[in-house]
Amino acid sequence: MKRLIIYISILLIAALMAIGYVRTEVPEGSKVNPTEIIFEHLGDAYGWELPFNHDLRIPLPIIIRAEDGSWHCFSSSRVAHGAVYDRFAIGGEGSAYKGKVVELRADGTEYRPFDFSITKNVAALIVTVIIVSWIFLSLARYYRRNGMKAPRKFKGAVEALVDFIYVGIVKPMLKEKASKFAPYLMTVFMFVFVANLLGLVVIFPGGANLTGNIAITMVLALFTFFMTNVFGTKHYWKDIFWPDVPLWLKFPIPIMPVIEVFGVFTKPAALTVRLFANMMGGHMIVIVLTLLIFIFAAMNIWVGAATSVVSILFSVFMLLIDVLVSFIQAFVFTMLSTLFISLAQEGGHHEEAIKE
Amino acid sequence: MELFTPEFGLVFWMFVSFAILFFILARFAWPYILKSIDERAKMIDEGVEKTRQAEESLANAKLIAERYEKEAIARQTEILREADRMKTQIIEEARSQASVEAKKVMDAAQVSIEQMRKEAEARMRDEVSTLAIDIATKVVRQQMADNEAQSRLVNTLLDEISEN
(Lines give C-alpha, C1' and ligand atoms only; values in the text may rest on other atoms or scores of the structure.)
Protein backbone atom coordinates (compact mmCIF):
# COMPACT_ATOMS: atom_id res chain seq x y z
CA MET A 1 0.00 0.00 0.00
CA LYS A 2 2.77 2.37 1.00
CA ARG A 3 4.53 1.59 -2.24
CA LEU A 4 1.42 2.25 -4.27
CA ILE A 5 1.15 5.70 -2.70
CA ILE A 6 4.77 6.37 -3.62
CA TYR A 7 4.16 5.32 -7.20
CA ILE A 8 1.06 7.46 -7.51
CA SER A 9 2.81 10.50 -6.08
CA ILE A 10 5.71 10.02 -8.50
CA LEU A 11 3.22 9.92 -11.34
CA LEU A 12 1.53 13.07 -10.09
CA ILE A 13 4.85 14.88 -9.87
CA ALA A 14 5.61 13.75 -13.38
CA ALA A 15 2.26 15.05 -14.51
CA LEU A 16 2.88 18.42 -12.86
CA MET A 17 6.27 18.58 -14.50
CA ALA A 18 4.57 17.86 -17.78
CA ILE A 19 2.29 20.83 -17.24
CA GLY A 20 5.30 23.00 -16.55
CA TYR A 21 6.93 21.74 -19.72
CA VAL A 22 3.84 22.36 -21.78
CA ARG A 23 3.61 25.88 -20.40
CA THR A 24 7.16 26.80 -21.26
CA GLU A 25 7.66 24.93 -24.49
CA VAL A 26 4.36 25.43 -26.21
CA PRO A 27 3.65 29.11 -26.40
CA GLU A 28 0.17 30.34 -27.27
CA GLY A 29 -0.71 30.04 -30.90
CA SER A 30 1.89 27.51 -31.90
CA LYS A 31 0.35 24.29 -33.10
CA VAL A 32 1.55 20.78 -32.55
CA ASN A 33 1.70 18.93 -35.82
CA PRO A 34 1.30 15.28 -34.77
CA THR A 35 1.73 13.77 -38.22
CA GLU A 36 5.03 15.51 -38.75
CA ILE A 37 6.36 14.50 -35.33
CA ILE A 38 5.24 10.91 -35.71
CA PHE A 39 6.81 10.50 -39.13
CA GLU A 40 9.96 12.25 -38.04
CA HIS A 41 10.36 9.76 -35.21
CA LEU A 42 9.48 6.74 -37.28
CA GLY A 43 11.58 7.72 -40.24
CA ASP A 44 15.23 8.14 -40.88
CA ALA A 45 17.26 11.28 -40.28
CA TYR A 46 20.65 12.82 -40.95
CA GLY A 47 22.18 13.24 -37.53
CA TRP A 48 21.17 11.66 -34.26
CA GLU A 49 19.00 13.66 -31.92
CA LEU A 50 20.28 14.10 -28.37
CA PRO A 51 17.85 13.85 -25.46
CA PHE A 52 16.02 16.93 -24.15
CA ASN A 53 17.01 19.03 -27.11
CA HIS A 54 15.34 19.00 -30.46
CA ASP A 55 18.00 20.99 -32.25
CA LEU A 56 21.17 19.47 -30.93
CA ARG A 57 22.11 16.45 -33.02
CA ILE A 58 25.10 14.22 -33.30
CA PRO A 59 26.40 14.92 -36.81
CA LEU A 60 26.73 11.93 -39.10
CA PRO A 61 28.55 11.74 -42.42
CA ILE A 62 26.59 12.29 -45.62
CA ILE A 63 27.99 10.35 -48.56
CA ILE A 64 26.41 11.04 -51.93
CA ARG A 65 27.08 10.70 -55.61
CA ALA A 66 26.10 13.89 -57.37
CA GLU A 67 24.46 14.13 -60.78
CA ASP A 68 27.79 14.73 -62.52
CA GLY A 69 29.20 11.48 -61.05
CA SER A 70 31.38 13.11 -58.40
CA TRP A 71 31.33 11.76 -54.85
CA HIS A 72 30.77 14.06 -51.90
CA CYS A 73 31.21 13.41 -48.23
CA PHE A 74 30.43 15.97 -45.55
CA SER A 75 29.02 16.28 -42.09
CA SER A 76 25.26 16.42 -41.69
CA SER A 77 25.68 19.48 -39.46
CA ARG A 78 26.50 21.50 -42.59
CA VAL A 79 23.02 21.04 -44.04
CA ALA A 80 21.16 21.21 -40.75
CA HIS A 81 18.34 23.71 -40.29
CA GLY A 82 17.87 24.27 -44.00
CA ALA A 83 21.45 25.34 -44.66
CA VAL A 84 22.88 24.81 -48.12
CA TYR A 85 26.34 23.30 -48.35
CA ASP A 86 28.05 23.39 -51.72
CA ARG A 87 24.91 22.74 -53.77
CA PHE A 88 23.34 20.23 -51.42
CA ALA A 89 20.54 20.75 -48.97
CA ILE A 90 17.87 18.78 -47.19
CA GLY A 91 14.55 18.90 -48.99
CA GLY A 92 12.14 21.09 -47.10
CA GLU A 93 8.37 21.49 -47.04
CA GLY A 94 6.80 21.02 -50.45
CA SER A 95 9.83 19.27 -51.86
CA ALA A 96 9.32 15.92 -53.55
CA TYR A 97 12.22 14.63 -51.46
CA LYS A 98 11.25 16.03 -48.11
CA GLY A 99 13.81 15.31 -45.44
CA LYS A 100 16.31 13.86 -47.89
CA VAL A 101 19.52 15.34 -49.20
CA VAL A 102 18.97 16.85 -52.60
CA GLU A 103 21.20 18.52 -55.13
CA LEU A 104 19.98 21.92 -56.21
CA ARG A 105 20.29 22.35 -59.92
CA ALA A 106 21.04 25.76 -61.45
CA ASP A 107 17.48 26.03 -62.79
CA GLY A 108 16.06 25.59 -59.29
CA THR A 109 14.87 22.00 -59.69
CA GLU A 110 16.03 19.30 -57.31
CA TYR A 111 17.99 16.16 -58.09
CA ARG A 112 18.05 13.25 -55.65
CA PRO A 113 21.62 11.91 -55.68
CA PHE A 114 22.62 8.35 -54.87
CA ASP A 115 22.59 8.48 -51.11
CA PHE A 116 24.98 6.27 -49.18
CA SER A 117 24.89 8.50 -46.12
CA ILE A 118 25.45 7.17 -42.66
CA THR A 119 22.00 8.17 -41.49
CA LYS A 120 20.58 7.62 -38.04
CA ASN A 121 19.35 4.18 -39.05
CA VAL A 122 22.68 3.21 -40.60
CA ALA A 123 24.46 4.36 -37.45
CA ALA A 124 22.02 2.36 -35.33
CA LEU A 125 22.62 -0.57 -37.65
CA ILE A 126 26.34 -0.33 -37.09
CA VAL A 127 25.82 -0.04 -33.34
CA THR A 128 23.62 -3.14 -33.43
CA VAL A 129 26.15 -5.08 -35.45
CA ILE A 130 28.91 -4.11 -33.03
CA ILE A 131 26.85 -5.05 -29.97
CA VAL A 132 25.73 -8.38 -31.42
CA SER A 133 29.19 -9.36 -32.59
CA TRP A 134 30.71 -8.28 -29.29
CA ILE A 135 28.22 -10.35 -27.29
CA PHE A 136 28.71 -13.50 -29.31
CA LEU A 137 32.42 -13.22 -29.91
CA SER A 138 32.90 -12.90 -26.16
CA LEU A 139 30.62 -15.86 -25.59
CA ALA A 140 32.56 -17.89 -28.15
CA ARG A 141 35.80 -16.87 -26.47
CA TYR A 142 34.39 -18.02 -23.15
CA TYR A 143 33.61 -21.44 -24.62
CA ARG A 144 37.00 -21.73 -26.22
CA ARG A 145 38.61 -21.05 -22.87
CA ASN A 146 36.30 -22.97 -20.57
CA GLY A 147 35.13 -25.83 -22.74
CA MET A 148 31.77 -27.15 -21.73
CA LYS A 149 31.52 -25.29 -18.42
CA ALA A 150 28.22 -23.43 -18.32
CA PRO A 151 28.61 -19.64 -18.29
CA ARG A 152 27.09 -17.49 -15.55
CA LYS A 153 25.39 -14.09 -15.33
CA PHE A 154 25.03 -12.21 -18.62
CA LYS A 155 26.71 -14.88 -20.72
CA GLY A 156 24.50 -17.46 -19.09
CA ALA A 157 21.41 -15.47 -20.00
CA VAL A 158 22.64 -15.10 -23.58
CA GLU A 159 23.33 -18.80 -23.71
CA ALA A 160 19.83 -19.55 -22.46
CA LEU A 161 18.48 -17.41 -25.28
CA VAL A 162 20.69 -19.14 -27.84
CA ASP A 163 19.63 -22.49 -26.46
CA PHE A 164 15.98 -21.49 -26.60
CA ILE A 165 16.18 -20.66 -30.30
CA TYR A 166 18.63 -23.33 -31.36
CA VAL A 167 17.10 -26.24 -29.46
CA GLY A 168 13.58 -24.85 -29.60
CA ILE A 169 13.21 -24.01 -33.28
CA VAL A 170 16.25 -24.64 -35.44
CA LYS A 171 17.08 -28.20 -34.41
CA PRO A 172 13.60 -29.74 -34.38
CA MET A 173 12.70 -28.15 -37.72
CA LEU A 174 15.89 -28.73 -39.68
CA LYS A 175 17.05 -31.88 -37.90
CA GLU A 176 20.35 -33.10 -39.38
CA LYS A 177 20.67 -29.96 -41.53
CA ALA A 178 20.49 -27.73 -38.45
CA SER A 179 24.22 -27.14 -38.28
CA LYS A 180 24.25 -25.89 -41.87
CA PHE A 181 21.63 -23.17 -41.39
CA ALA A 182 21.92 -22.50 -37.66
CA PRO A 183 24.59 -19.77 -38.00
CA TYR A 184 22.37 -17.77 -40.34
CA LEU A 185 19.18 -18.25 -38.34
CA MET A 186 20.85 -17.49 -35.03
CA THR A 187 22.42 -14.35 -36.50
CA VAL A 188 19.02 -13.23 -37.79
CA PHE A 189 17.37 -13.77 -34.45
CA MET A 190 20.02 -12.01 -32.45
CA PHE A 191 20.25 -9.12 -34.88
CA VAL A 192 16.49 -8.56 -34.92
CA PHE A 193 16.17 -8.98 -31.18
CA VAL A 194 18.97 -6.57 -30.31
CA ALA A 195 17.78 -4.07 -32.94
CA ASN A 196 14.24 -4.26 -31.57
CA LEU A 197 15.38 -3.66 -28.01
CA LEU A 198 17.72 -0.84 -29.02
CA GLY A 199 14.80 0.78 -30.77
CA LEU A 200 12.98 0.91 -27.46
CA VAL A 201 15.82 2.73 -25.71
CA VAL A 202 14.78 6.32 -26.15
CA ILE A 203 18.15 8.02 -26.04
CA PHE A 204 21.40 7.54 -27.96
CA PRO A 205 22.56 4.91 -28.95
CA GLY A 206 18.99 3.69 -29.19
CA GLY A 207 15.81 5.20 -30.40
CA ALA A 208 16.26 4.50 -34.09
CA ASN A 209 13.28 2.74 -35.57
CA LEU A 210 15.56 0.22 -37.22
CA THR A 211 13.46 -2.93 -37.50
CA GLY A 212 10.44 -0.72 -38.13
CA ASN A 213 12.08 0.32 -41.37
CA ILE A 214 11.01 -1.60 -44.42
CA ALA A 215 14.49 -1.50 -45.98
CA ILE A 216 15.96 -3.44 -43.06
CA THR A 217 13.26 -6.06 -42.91
CA MET A 218 13.30 -6.39 -46.69
CA VAL A 219 17.02 -7.15 -46.73
CA LEU A 220 16.59 -9.69 -43.94
CA ALA A 221 13.71 -11.33 -45.79
CA LEU A 222 15.79 -11.38 -48.98
CA PHE A 223 18.56 -13.18 -47.14
CA THR A 224 16.05 -15.80 -46.04
CA PHE A 225 14.69 -15.90 -49.60
CA PHE A 226 18.14 -16.64 -50.98
CA MET A 227 18.88 -19.18 -48.26
CA THR A 228 15.61 -20.92 -49.06
CA ASN A 229 15.98 -21.03 -52.82
CA VAL A 230 19.71 -21.38 -53.30
CA PHE A 231 19.87 -24.41 -51.01
CA GLY A 232 16.46 -25.74 -52.05
CA THR A 233 16.38 -29.41 -52.95
CA LYS A 234 15.25 -30.93 -56.25
CA HIS A 235 12.09 -32.04 -54.54
CA TYR A 236 11.33 -28.47 -53.52
CA TRP A 237 11.59 -27.23 -57.10
CA LYS A 238 9.56 -30.14 -58.38
CA ASP A 239 6.86 -29.31 -55.85
CA ILE A 240 6.72 -25.79 -57.24
CA PHE A 241 6.63 -26.54 -60.98
CA TRP A 242 5.04 -29.99 -60.99
CA PRO A 243 3.22 -30.49 -57.68
CA ASP A 244 1.34 -33.64 -56.69
CA VAL A 245 -2.10 -32.48 -57.77
CA PRO A 246 -4.58 -33.73 -60.40
CA LEU A 247 -3.26 -33.19 -63.91
CA TRP A 248 -5.87 -30.67 -64.95
CA LEU A 249 -4.63 -28.32 -62.23
CA LYS A 250 -1.19 -28.07 -63.82
CA PHE A 251 -1.76 -28.82 -67.51
CA PRO A 252 -2.50 -27.22 -69.95
CA ILE A 253 -3.14 -24.17 -67.76
CA PRO A 254 -0.53 -24.27 -64.96
CA ILE A 255 -2.80 -23.06 -62.15
CA MET A 256 -0.96 -24.70 -59.29
CA PRO A 257 2.58 -23.89 -60.52
CA VAL A 258 1.58 -20.25 -60.87
CA ILE A 259 0.24 -20.22 -57.33
CA GLU A 260 3.35 -21.97 -56.05
CA VAL A 261 5.70 -19.56 -57.83
CA PHE A 262 3.66 -16.72 -56.44
CA GLY A 263 4.03 -18.31 -53.00
CA VAL A 264 7.82 -18.30 -53.33
CA PHE A 265 7.71 -14.52 -53.51
CA THR A 266 4.93 -13.89 -51.01
CA LYS A 267 6.89 -15.65 -48.28
CA PRO A 268 9.67 -13.03 -48.06
CA ALA A 269 7.07 -10.30 -48.57
CA ALA A 270 5.13 -11.59 -45.58
CA LEU A 271 8.32 -11.71 -43.53
CA THR A 272 9.18 -8.15 -44.53
CA VAL A 273 5.82 -6.66 -43.73
CA ARG A 274 5.20 -8.58 -40.53
CA LEU A 275 8.32 -7.44 -38.75
CA PHE A 276 8.20 -3.95 -40.18
CA ALA A 277 4.54 -3.35 -39.33
CA ASN A 278 4.77 -4.77 -35.84
CA MET A 279 7.79 -2.78 -34.81
CA MET A 280 6.63 0.41 -36.49
CA GLY A 281 3.22 0.01 -34.89
CA GLY A 282 4.74 -0.32 -31.44
CA HIS A 283 6.80 2.83 -31.90
CA MET A 284 3.85 4.69 -33.34
CA ILE A 285 1.54 3.87 -30.45
CA VAL A 286 4.03 5.11 -27.88
CA ILE A 287 4.61 8.34 -29.81
CA VAL A 288 0.91 8.91 -30.28
CA LEU A 289 0.24 8.37 -26.60
CA THR A 290 2.94 10.88 -25.76
CA LEU A 291 1.63 13.34 -28.32
CA LEU A 292 -1.85 13.14 -26.84
CA ILE A 293 -0.52 15.12 -23.89
CA PHE A 294 0.53 17.99 -26.14
CA ILE A 295 -2.60 17.88 -28.26
CA PHE A 296 -4.86 18.07 -25.22
CA ALA A 297 -2.63 20.53 -23.43
CA ALA A 298 -3.05 22.89 -26.37
CA MET A 299 -6.80 22.87 -25.69
CA ASN A 300 -6.82 23.18 -21.96
CA ILE A 301 -4.00 22.90 -19.46
CA TRP A 302 -5.99 20.75 -17.01
CA VAL A 303 -7.16 18.36 -19.62
CA GLY A 304 -3.54 18.06 -20.66
CA ALA A 305 -2.49 17.33 -17.09
CA ALA A 306 -5.10 14.64 -16.73
CA THR A 307 -4.19 13.18 -20.09
CA SER A 308 -0.52 13.12 -19.20
CA VAL A 309 -1.15 10.75 -16.27
CA VAL A 310 -3.16 8.39 -18.43
CA SER A 311 -0.75 8.71 -21.32
CA ILE A 312 2.29 7.99 -19.21
CA LEU A 313 0.61 4.95 -17.71
CA PHE A 314 -0.31 3.71 -21.15
CA SER A 315 3.09 4.53 -22.61
CA VAL A 316 4.84 2.55 -19.91
CA PHE A 317 2.43 -0.28 -20.47
CA MET A 318 2.95 -0.15 -24.22
CA LEU A 319 6.71 -0.01 -23.85
CA LEU A 320 6.60 -3.10 -21.66
CA ILE A 321 4.41 -4.79 -24.24
CA ASP A 322 6.93 -3.71 -26.86
CA VAL A 323 9.71 -5.44 -24.96
CA LEU A 324 7.64 -8.58 -25.23
CA VAL A 325 6.84 -7.84 -28.86
CA SER A 326 10.54 -7.32 -29.57
CA PHE A 327 11.21 -10.84 -28.50
CA ILE A 328 8.13 -12.31 -30.11
CA GLN A 329 8.80 -10.66 -33.46
CA ALA A 330 12.43 -11.74 -33.50
CA PHE A 331 11.24 -15.21 -32.57
CA VAL A 332 8.53 -15.28 -35.22
CA PHE A 333 10.89 -13.97 -37.90
CA THR A 334 13.42 -16.67 -37.08
CA MET A 335 10.75 -19.33 -36.81
CA LEU A 336 9.26 -18.47 -40.18
CA SER A 337 12.70 -18.29 -41.80
CA THR A 338 13.47 -21.71 -40.37
CA LEU A 339 10.15 -23.01 -41.57
CA PHE A 340 10.65 -21.73 -45.11
CA ILE A 341 14.18 -23.10 -45.26
CA SER A 342 13.13 -26.46 -43.83
CA LEU A 343 10.29 -26.73 -46.34
CA ALA A 344 12.81 -26.24 -49.13
CA GLN A 345 15.03 -28.89 -47.55
CA GLU A 346 12.40 -31.58 -47.61
CA GLY A 347 13.49 -34.69 -49.38
CA GLY A 348 11.21 -37.00 -51.33
CA HIS A 349 9.75 -38.73 -48.24
CA HIS A 350 6.31 -37.50 -49.02
CA GLU A 351 6.48 -38.75 -52.60
CA GLU A 352 7.90 -42.12 -51.62
CA ALA A 353 5.11 -42.59 -49.14
CA ILE A 354 2.55 -42.07 -51.88
CA LYS A 355 4.29 -44.48 -54.24
CA GLU A 356 4.31 -47.15 -51.60
CA MET B 1 4.25 6.95 -48.49
CA GLU B 2 7.79 7.45 -47.42
CA LEU B 3 7.60 4.70 -44.81
CA PHE B 4 6.78 2.03 -47.33
CA THR B 5 9.50 2.76 -49.86
CA PRO B 6 12.83 1.27 -48.92
CA GLU B 7 15.67 3.77 -49.09
CA PHE B 8 18.42 2.56 -51.39
CA GLY B 9 21.27 3.69 -49.14
CA LEU B 10 19.82 1.92 -46.13
CA VAL B 11 19.30 -1.27 -48.14
CA PHE B 12 22.91 -1.11 -49.24
CA TRP B 13 24.27 -0.54 -45.75
CA MET B 14 21.98 -3.15 -44.26
CA PHE B 15 23.15 -5.68 -46.82
CA VAL B 16 26.80 -4.91 -46.16
CA SER B 17 26.47 -4.79 -42.37
CA PHE B 18 24.40 -7.90 -42.08
CA ALA B 19 26.68 -9.81 -44.42
CA ILE B 20 29.68 -8.76 -42.34
CA LEU B 21 27.89 -9.66 -39.10
CA PHE B 22 26.88 -13.00 -40.53
CA PHE B 23 30.38 -13.86 -41.71
CA ILE B 24 32.01 -12.77 -38.45
CA LEU B 25 29.59 -14.75 -36.32
CA ALA B 26 29.42 -17.75 -38.64
CA ARG B 27 33.19 -17.91 -38.74
CA PHE B 28 34.22 -17.05 -35.20
CA ALA B 29 31.23 -17.41 -32.90
CA TRP B 30 28.48 -19.86 -33.80
CA PRO B 31 30.59 -22.96 -34.43
CA TYR B 32 32.07 -22.75 -30.94
CA ILE B 33 28.86 -21.76 -29.18
CA LEU B 34 26.62 -24.30 -30.88
CA LYS B 35 29.21 -27.04 -30.57
CA SER B 36 29.54 -26.43 -26.84
CA ILE B 37 25.77 -26.37 -26.40
CA ASP B 38 25.36 -29.57 -28.40
CA GLU B 39 28.15 -31.30 -26.56
CA ARG B 40 26.87 -30.22 -23.18
CA ALA B 41 23.36 -31.35 -24.06
CA LYS B 42 24.75 -34.68 -25.18
CA MET B 43 26.79 -34.99 -22.01
CA ILE B 44 23.79 -34.19 -19.84
CA ASP B 45 21.64 -36.69 -21.72
CA GLU B 46 24.28 -39.33 -21.36
CA GLY B 47 24.73 -38.47 -17.70
CA VAL B 48 21.01 -38.83 -17.08
CA GLU B 49 20.99 -42.11 -18.92
CA LYS B 50 24.00 -43.33 -16.98
CA THR B 51 22.44 -42.29 -13.69
CA ARG B 52 19.29 -44.14 -14.59
CA GLN B 53 21.29 -47.21 -15.47
CA ALA B 54 23.31 -46.93 -12.30
CA GLU B 55 20.15 -46.66 -10.24
CA GLU B 56 18.72 -49.63 -12.04
CA SER B 57 21.80 -51.71 -11.50
CA LEU B 58 21.91 -50.62 -7.88
CA ALA B 59 18.33 -51.75 -7.42
CA ASN B 60 19.22 -54.91 -9.25
CA ALA B 61 22.23 -55.43 -7.04
CA LYS B 62 20.09 -54.95 -3.99
CA LEU B 63 17.64 -57.50 -5.28
CA ILE B 64 20.46 -59.90 -6.04
CA ALA B 65 21.95 -59.35 -2.63
CA GLU B 66 18.61 -60.01 -1.02
CA ARG B 67 18.20 -63.15 -3.05
CA TYR B 68 21.67 -64.29 -2.08
CA GLU B 69 20.92 -63.60 1.53
CA LYS B 70 17.74 -65.63 1.38
CA GLU B 71 19.53 -68.37 -0.44
CA ALA B 72 22.28 -68.33 2.12
CA ILE B 73 19.80 -68.56 4.95
CA ALA B 74 18.01 -71.40 3.21
CA ARG B 75 21.26 -73.16 2.61
CA GLN B 76 22.31 -72.62 6.17
CA THR B 77 19.15 -74.24 7.52
CA GLU B 78 19.50 -77.00 5.00
CA ILE B 79 23.09 -77.59 5.96
CA LEU B 80 22.18 -77.57 9.61
CA ARG B 81 19.38 -80.02 8.95
CA GLU B 82 21.71 -82.15 6.90
CA ALA B 83 24.34 -82.07 9.61
CA ASP B 84 21.74 -83.07 12.14
CA ARG B 85 20.59 -85.86 9.91
CA MET B 86 24.16 -86.97 9.34
CA LYS B 87 24.87 -86.86 13.03
CA THR B 88 21.96 -89.12 13.85
CA GLN B 89 22.87 -91.30 10.92
CA ILE B 90 26.45 -91.59 12.05
CA ILE B 91 25.37 -92.31 15.58
CA GLU B 92 22.92 -94.85 14.27
CA GLU B 93 25.53 -96.40 12.07
CA ALA B 94 28.05 -96.44 14.83
CA ARG B 95 25.53 -97.99 17.12
CA SER B 96 24.55 -100.66 14.65
CA GLN B 97 28.16 -101.27 13.78
CA ALA B 98 29.00 -101.51 17.43
CA SER B 99 26.21 -103.97 18.02
CA VAL B 100 27.31 -106.01 15.01
CA GLU B 101 30.83 -105.91 16.31
CA ALA B 102 29.69 -106.82 19.77
CA LYS B 103 27.62 -109.63 18.34
CA LYS B 104 30.62 -110.82 16.39
CA VAL B 105 32.74 -110.69 19.50
CA MET B 106 30.05 -112.47 21.43
CA ASP B 107 29.69 -115.08 18.73
CA ALA B 108 33.40 -115.59 18.62
CA ALA B 109 33.43 -115.87 22.37
CA GLN B 110 30.57 -118.29 22.22
CA VAL B 111 32.29 -120.33 19.60
CA SER B 112 35.49 -120.40 21.56
CA ILE B 113 33.61 -121.18 24.75
CA GLU B 114 31.82 -123.99 22.94
CA GLN B 115 35.07 -125.21 21.57
CA MET B 116 36.73 -125.03 24.92
CA ARG B 117 33.75 -126.74 26.42
CA LYS B 118 33.97 -129.45 23.78
CA GLU B 119 37.68 -129.73 24.27
CA ALA B 120 37.20 -129.91 27.99
CA GLU B 121 34.48 -132.43 27.46
CA ALA B 122 36.70 -134.46 25.18
CA ARG B 123 39.55 -134.28 27.58
CA MET B 124 37.33 -135.13 30.41
CA ARG B 125 35.93 -137.99 28.40
CA ASP B 126 39.49 -139.10 27.67
CA GLU B 127 40.44 -138.80 31.22
CA VAL B 128 37.27 -140.50 32.37
CA SER B 129 37.81 -143.26 29.86
CA THR B 130 41.46 -143.59 30.84
CA LEU B 131 40.41 -143.58 34.42
CA ALA B 132 37.70 -146.08 33.69
CA ILE B 133 40.12 -148.25 31.79
CA ASP B 134 42.55 -147.96 34.63
CA ILE B 135 39.86 -148.82 37.10
CA ALA B 136 38.60 -151.54 34.81
CA THR B 137 42.11 -152.83 34.37
CA LYS B 138 42.56 -152.80 38.04
CA VAL B 139 39.16 -154.43 38.52
CA VAL B 140 39.80 -156.88 35.73
CA ARG B 141 43.25 -157.65 37.08
CA GLN B 142 41.74 -158.49 40.42
CA GLN B 143 38.83 -160.46 38.96
CA MET B 144 40.93 -162.24 36.37
CA ALA B 145 43.26 -163.55 38.80
CA ASP B 146 41.98 -167.00 38.26
CA ASN B 147 41.84 -168.77 34.91
CA GLU B 148 38.28 -169.77 35.20
CA ALA B 149 37.05 -166.34 35.32
CA GLN B 150 39.28 -165.60 32.37
CA SER B 151 37.88 -168.30 30.30
CA ARG B 152 34.32 -167.38 31.26
CA LEU B 153 34.90 -163.92 30.07
CA VAL B 154 36.39 -165.11 26.87
CA ASN B 155 33.41 -167.26 26.37
CA THR B 156 31.00 -164.48 27.02
CA LEU B 157 32.85 -162.24 24.55
CA LEU B 158 32.91 -164.91 21.98
CA ASP B 159 29.19 -165.38 22.43
CA GLU B 160 28.58 -161.78 21.89
CA ILE B 161 30.67 -161.78 18.74
CA SER B 162 29.00 -164.76 17.38
CA GLU B 163 25.62 -163.36 18.13
CA ASN B 164 26.53 -160.34 16.20
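Just so we're on the same page: letters track the sequence lines, and every chain starts at 1. Please read these numbers as outputs of a predicted model, since none were measured by experiment.
- Annotation: maximal heavy-atom pairing with chain A below 4.5 Å, among B:I24, B:I33, B:D38, occurs at B:I33.
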request  = Check the pair B:L21, A:T187 against side chain to side chain contact (heavy atoms under 4.5 Å, CB included), reporting the backbone distance first and the verdict last.
outcome  = CA-CA 8 Å; B:L21 178 71; A:T187 311; 3.8 Å; yes
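- In this structure, A:K180 places its NZ atom where more than 12 heavy-atom neighbours from other residues, nucleotides or ligands lie under 6.0 Å away.
- Using a 4.5 Å cut-off between heavy atoms, A:Y142 does not touch chain B at all.
- Inter-residue side-chain proximity for B:W13 and A:T119 is flagged as unmet; no heavy-atom pair is nearer than 4.5 Å.
- When heavy atoms are compared at a cutoff of 4.5 Å, A:N209 does not approach chain B at all.
- Closest approach of B:F18 to A:Y184, counting heavy atoms only: CE2-CE1, 3.9 Å.
- With contacts defined as side-chain heavy-atom distances shorter than 4.5 Å, the pair A:V162/B:L34 qualifies.
- When A:L210, A:V132, A:V167, A:V129 are compared by the number of non-hydrogen pairs under 4.5 Å with chain B, A:V129 comes out ahead.
- In the displayed structure, A:Y111 atom OH is contacted under 6.0 Å by more than 12 heavy atoms of other residues, nucleotides or ligands.
- By the 6.0 Å contact criterion, CZ on A:R144 is enclosed, its count of non-hydrogen atoms from other residues, nucleotides or ligands being greater than 12.
- Both the backbone and the side chain of B:F28 come within contact range of chain A, with heavy atoms under 4.5 Å apart.
- More than 12 heavy atoms of other shown residues, nucleotides or ligands fall within 6.0 angstrom of atom CD in B:Q53.
- Interface residue A:M186: backbone and side-chain heavy atoms are both found under 4.5 Å from chain B.
- In B:E46, the CD atom is crowded: over 12 heavy atoms of neighbouring residues, nucleotides or ligands sit closer than 6.0 Å.
- Looking at A:S117, the atoms closer than 4.5 Å to chain B (heavy atoms on both sides) all sit in the backbone: N, CA, C or O.
- Around CD of B:Q97, the count of heavy atoms belonging to other residues, nucleotides or ligands within 6.0 Å does not exceed 12.
- For the pair A:I214 and B:T5, the minimum side-chain heavy-atom distance is 4.5 Å or more.
- A parallel orientation is assigned to the rings of B:F15 and A:F223, their planes being inclined by less than 30° (bins at 30° and 60°).
- When B:G9, B:A26, B:S36 are compared by the number of non-hydrogen pairs under 4.5 Å with chain A, B:S36 comes out ahead.
- Here the closest heavy-atom approach between residue B:S17 and residue A:L125 is recorded as OG-CD2, 3.4 Å.
- The aromatic rings of B:F8 and A:F116 stand perpendicular to each other, their planes meeting at an angle above 60°, with 30° marking the opposite boundary.
- Looking at every heavy atom in both residues, B:V11 comes nearest to A:A215 through CG2-CB, 3.6 Å.
- Ionic pairing of B:E7 and A:R112 is present here: one or more N-O contacts between side-chain nitrogen and carboxylate oxygen are shorter than 4.0 angstrom.
- Proximity to chain B (any heavy atom under 4.5 Å) is shown, for A:V188, by both the backbone and the side chain.
- Among A:I126, A:L220, A:I130, the residue with the largest count of heavy-atom pairs under 4.5 Å with chain B is A:L220.
- Taking chain B as the reference chain and counting heavy-atom pairs below 4.5 Å, the highest number among A:F276, A:F136, A:F114 is found for A:F136.
- Taken to the nearest 0.5 Å, the CG atom of A:D163 stands 8.0 Å off from the CZ atom of B:R40.
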